[in-house]
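Letters A, B, ... are given to chains in the order of the sequence lines, protein chains preceding strands, and every chain is numbered from 1. Note that this is a predicted model, so its numbers are computed, not measured.
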Amino acid sequence: MISLKGILKGEDSLDSESLVIRQRREKAEQLERDNVPLYPNGISRPEKIEMIHTIYDSYEEEALKRVSHVFSLAGRIMTMRRFGKAAFLHLQDSTGQLQVYVQREQVGADAYIIFKKFDIGDLIKVTGRLFRTKTGELTLLADTIGLVAKSLRPLPEKYHGIRDKEIRYRQRYVDLIMNKEVREVFRDRSRIIQILRRYLSSRDFIEVETPMMQPIVGGATARPFKTHHNALDMDLYLRIAPELYLKRLLVGGYERVFELNRNFRNEGISVQHNPEFTMLEFYEAYATYKDLMSRTEEMFSMIADEIKGGPVFSYQGHVLNLSPPWYRMTLEEALVEIGHIPEAELSDRECLIDRLRALDAPVRGNEKIGKFWTRLFDLLVEPKLIQPTFITRYPTDVSPLARKSQEDSRFTDRFELFIAGHEIANAFSELNDPREQRRRFEEQIASRGDDEEIPPVLDKDYIRALELGMPPAAGEGIGIDRLVMLFTDAPSIRDVILFPQLRPES
RNA sequence: GGGCCGUUAACUCAGUUGGUAGAGUAUCUGCCUUUUAAGCAGAGAGUCACUGGUUCGAGUCCAGUACGGCCUACCA
């Protein structure tokens, strides 16, 4: 019977209740009437399917017969082939799948009647011994079988699985149940983050947490999300970068700090951009941007070894080689050699504007020359930087927090790292002269367009901190999502973020 | 923000020139104790994304809206 209560309450508002769901509900209610708890508590921790494969995949039938151990497993029914008095099913736990053979004779008539009410998608527990079927598949012959949690919704089709990207992103739980590769991507993401934490911690970096809600937007240029604190009656911004807080900690005396957490930018969404994204920022006193190049090579090599088994692997059809040392090139060299811009034009504003306009890039005309360079770089060079490449010598006017180069004050001691046409990291020797930092901030505010989204406020407290003296240091930011894309061969940032931002369902 | 494409059963997809809505999987019933995209027989299942228009008649043609995808723009 259909639950009258359910209809009256208008339950299941996510979906018009389909026949399949109604039937499952009825079956569940039937089980409940037969005193089978649908969501029992106190299930003892099961053994892992992966362990069974690791040990017993190589066992022949005769060897398996001598294994007296009774295994206890739990997981989700992924497929089922029923006969009259027996059935085969595949059980999936977090580590893998194993076939289970349920015979009425073996589990008993009463248990088998209950088992007949089980569906694909249900979470169950089984105990039993291993054997091999006629076709040689390692299989557990069930002695007992019981319900762990009833599934009231059907799973997607067993053969084609789930393809609709909208469902995959919105209902990631379904995507994860159905797609092993997706489960592996997020496992790799976790491993990559662990490798980075391990690397930094073992080199005496301490992990810190600085404000995500900031009264003044700083550390990068981007539109922030705005919120309001009621009790303090003040506007706050979700951070676009933790940089200025982390450097306050260098002033405070920590010489190596890092933060690995979310930033928020109120900009467009694309295959490379999500409004909230994960950034690793680390700062090291008595180091320069050159030291950070080595660190970056070292960290990425560790990840490549552990995730890919070595420095050579492919990403979206490109064969990448992360063996150090990586290419190094100044921004000017890249523009001339890869962007094919004649060197003489690099200092000619009009020529650069013409080139940008020819590429359909919007130009206001009053930008700093460095801005023209980076725009041209983004259009002409970045997509061509497939192998890991450090681009150095960024103009001072586009690097307001970076230290000027000793040889030439028009440039900073800074690099950006590009791999597979993506910007992966940005690093520089830190500007620690409070007088110059104030001038750069003032300059930045003065030249800022009339973008009302970005409040033109000078962070006086940061200047005050620098005035106490910050040791010479270098810092780096690494976009974790893009890094994970690289090592999981993911074409879109949505494939490496569990719950990417989407419009609400209508 | 702009362009292109998509939206049909729970899932994967067909749907002819505009003429009563289709398949496979899944589900339900029956048979079936070594199957594995099990098999056999039968059954049920749809607001064709939504709104409007053209038409005797619209899943199909037109317009708009919503959501998604890809490209593009914005984005140190």
Side-chain angles (χ1 to χ4, degrees), chain A residues 14-24 26-27 61 78-90 97 99-107 112 119-121 131-137 139 141 151-171 174 178 219-224 240-241 243 265-275 277 331 359-362 367-368 370-371 373-375 377-379 382 391 394-395 397-402 412 414 416 423 426 428 444 451 453-454 477 479 491-492 494 500 502-506:
Chain A
L14 284 176
D15 233 325
S16 58
E17 184 162 285
S18 75
L19 178 70
V20 184
I21 294 174
R22 223 160 49 224
Q23 284 169 335
R24 286 203 168 210
E26 287 164 26
K27 238 194 262 188
E61 173 66 20
M78 295 304 291
T79 63
M80 184 135 57
R81 295 166 293 283
R82 289 183 190 274
F83 301 83
K85 300 180 187 66
F88 285 97
L89 58 89
H90 273 104
Q97 287 198 358
Q99 181 166 259
V100 175
Y101 188 35
V102 183
Q103 283 181 310
R104 190 173 74 170
E105 196 178 279
Q106 188 75 17
V107 297
Y112 201 80
D119 292 307
I120 292 173
F131 74 106
R132 269 187 202 281
T133 62
K134 276 181 184 170
T135 54
E137 181 167 350
T139 301
L141 175 62
S151 170
L152 297 177
R153 284 176 184 273
L155 288 179
E157 195 230 8
K158 63 185 172 191
Y159 189 62
H160 297 93
I162 185 107
R163 286 191 179 169
D164 186 321
K165 284 195 181 175
E166 183 170 355
I167 300 177
R168 289 188 42 216
Y169 295 146
R170 282 193 203 283
Q171 302 180 43
V174 176
M178 297 304 295
T221 306
R223 290 202 181 131
I240 57 173
E243 173 152 358
R265 295 188 184 177
N266 204 342
E267 311 275 2
I269 294 176
S270 79
V271 289
Q272 279 194 74
H273 299 84
N274 194 63
F277 62 101
L331 182 61
L359 292 163
D360 283 330
E367 292 95 336
K368 305 284 188 192
K371 185 76 184 168
W373 285 18
T374 54
R375 296 286 281 283
F377 177 88
D378 289 347
L379 294 168
E382 180 173 314
I391 300 295
Y394 278 78
D397 59 41
V398 293
S399 315
L401 301 164
T412 53
R414 172 180 172 191
E416 287 197 2
E423 179 194 336
N426 177 24
F428 38 84
Q444 204 184 0
D451 191 339
E453 311 272 344
I454 305 175
S492 167
R494 291 187 195 93
L502 299 175
R503 285 198 172 82
E505 286 178 81
S506 49

* C32(B) base stacked by F83(A)? Criteria: ring centres under 5.5 Å, plane angle under 30°. -> no
* Quick one: does I21(A)'s side chain get under 4.5 Å of P154(A)'s, heavy atoms only? -> yes
* For U20(B) versus U12(B), give the span between their P atoms, rounded off to a whole number of Å. => 27 Å
* Whole-Å C1' distance, A63(B) and A58(B) -> 14 Å
* Structure fact -> Using Watson-Crick geometry (N1-N3 plus N6-O4 or O6-N4) or G-U wobble (N1-O2, O6-N3), each under 3.5 Å, A10(B) is paired with U25(B)
* Identify, between G219(A) and F131(A), the residue whose nearest nucleotide on RNA chain B lies closer to the 5' end. => F131(A)
* **Nearest to side-chain heavy atoms of V271(A), which nucleotide of C71(B), U33(B), U35(B)** => C71(B)
* To do: Check every strand shown and say whether G370(A) touches a base, only sugar-phosphate, or nothing at a heavy-atom separation below 4.0 Å.
  => nothing
* To do: Mind calculating the distance between CZ (R163(A)) and P (A14(B)) to the nearest angstrom?
  => 10 Å
* R153(A) vs C11(B): side-chain N/O to OP1/OP2 distance below 4.0 Å -> no
* With a 4.0 Å cut-off on heavy atoms, is T374(A) in touch with a base, just the backbone sugar-phosphate, or nothing at all? -> nothing
* Would you mind telling me which of U12(B), C28(B), A76(B) lies closest to the side-chain atoms of I162(A)? => U12(B)
* **Distance below 4.0 Å between R82(A) side-chain N/O and U33(B) OP1 or OP2** => no
* Look only at the side chain of Y112(A) and the backbone of A86(A), and say whether a donor-acceptor pair between them is shorter than 3.5 Å. => yes
* Asked: How close do M178(A) and E157(A) get, heavy atom to heavy atom, and via which atoms?
  -> CE-O, 4.0 Å
* Atom CD of E382(A) and atom P of A73(B): how far apart are they, to the nearest Å? -> 12 Å
* May I ask you to say what Y394(A) touches in the nucleic acid, namely base, sugar-phosphate or nothing, with a heavy-atom cut-off under 4.0 Å? => nothing
* Asked: Ignoring hydrogens and angles, are the base of C11(B) and the side chain of H160(A) linked by a donor-acceptor pair under 3.5 Å?
  -> no
* Is there a side-chain contact between E416(A) and L331(A), using heavy atoms and a 4.5 Å cut-off? -> no
* Asked: When the P atoms of A10(B) and C28(B) are considered, how many whole Å apart are they?
  -> 16 Å
* To do: Calculate the interatomic distance between I167(A) atom CD1 and A49(B) atom P; express it in whole Å.
  => 14 Å
* **Nearest listed nucleotide, side chain of L379(A), among A76(B), U25(B), A73(B)** => A73(B)
* Asked: What is the nucleic acid contact for R132(A), judged by heavy atoms within less than 4.0 Å: base, sugar-phosphate only, or nothing?
  -> nothing
* Length of the CD-C1' vector between Q103(A) and C32(B), whole Å -> 14 Å
* **Nearest-neighbour nucleotide for the L19(A) side chain, G44(B), C11(B), U34(B) considered** => G44(B)
* Round to a whole Å and report the spacing from CD of E166(A) to P of G69(B). => 7 Å
* C1' spacing across the pair A14(B) / U25(B), given as an integer number of angstrom -> 15 Å
* Nearest-neighbour nucleotide for the Y169(A) side chain, U34(B), G69(B), G24(B) considered -> G69(B)
* Asked: What interatomic distance, in whole Å, is found between P of G53(B) and the corresponding atom of G44(B)?
  -> 35 Å
* Can you tell me how far P of G68(B) sits from CD of Q171(A), to the nearest Å? -> 14 Å
* Asked: Checking side chain to side chain contact (heavy atoms under 4.5 Å, CB included) for the pair R494(A)/I269(A): CA distance, chi angles, key distance, verdict?
  -> CA-CA 10 Å; R494(A) 291 187 195 93; I269(A) 294 176; 3.7 Å; yes
* To do: Please figure out whether E423(A) or T79(A) has its closest RNA chain B nucleotide nearer the 5' end.
  => T79(A)
* Structure fact -> Here the pair of heavy atoms bringing A220(A) nearest to R265(A) is CB-NH2, 3.5 Å
* Locate the shortest heavy-atom distance separating R24(A) from R153(A); write the atom from each residue and the value. => NH1-O, 3.3 Å
* Of the nucleotides G24(B), A76(B), U35(B), which one has an atom closest to the side chain of E137(A)? -> U35(B)
* G52(B) versus G59(B) - spacing of their P atoms, nearest Å -> 14 Å
* To do: Pick base, sugar-phosphate or nothing for Q99(A), based on heavy-atom distances below 4.0 Å to the nucleic acid.
  => base
* To do: Establish, with yes or no, whether the OP1 or OP2 oxygen of A76(B) is under 4.0 angstrom from a side-chain nitrogen or oxygen of K368(A).
  => no
* Asked: Which part of the nucleic acid, if any, lies within contact of D164(A), taking any heavy atom under 4.0 Å across all strands shown: a base, the sugar-phosphate backbone alone, or nothing?
  -> sugar-phosphate
* **Mutual orientation of the aromatic rings belonging to F131(A) and Y101(A) [parallel < 30°, tilted 30-60°, perpendicular > 60°]** => tilted
* Check every atom of A37(B), C28(B), C32(B) against the side chain of Y159(A) and return the nucleotide holding the closest atom. => A37(B)
* Nearest to the side chain of T133(A), which nucleotide is it out of A76(B), A73(B), U34(B)? -> U34(B)
* Rounded to whole angstroms, how far apart are CG on L141(A) and P on U33(B)? -> 16 Å
* Asked: So, is R494(A) close to the C70(B) phosphate, meaning a side-chain N or O under 4.0 Å from OP1 or OP2?
  -> yes
* Roughly how far apart are F377(A) CZ and I391(A) CD1, rounded to 0.5 Å? -> 4.0 Å
* **Span that lies between the P atom of A21(B) and that of U16(B), in whole angstrom** => 13 Å
* Distance between C1' atoms of A49(B) and A66(B) (Å, rounded) -> 8 Å
* How many Å lie between CD1 on I120(A) and P on A26(B), as a whole number? -> 6 Å
* **Residue R170(A), side-chain atoms from C-beta onward, closest of U33(B), G68(B), C71(B)** => G68(B)
* **Touch class at under 4.0 angstrom, heavy-atom based, for L502(A) against every strand present** => sugar-phosphate
* Between A66(B) and R503(A), is there an OP1 or OP2 to side-chain N/O distance shorter than 4.0 Å? -> no
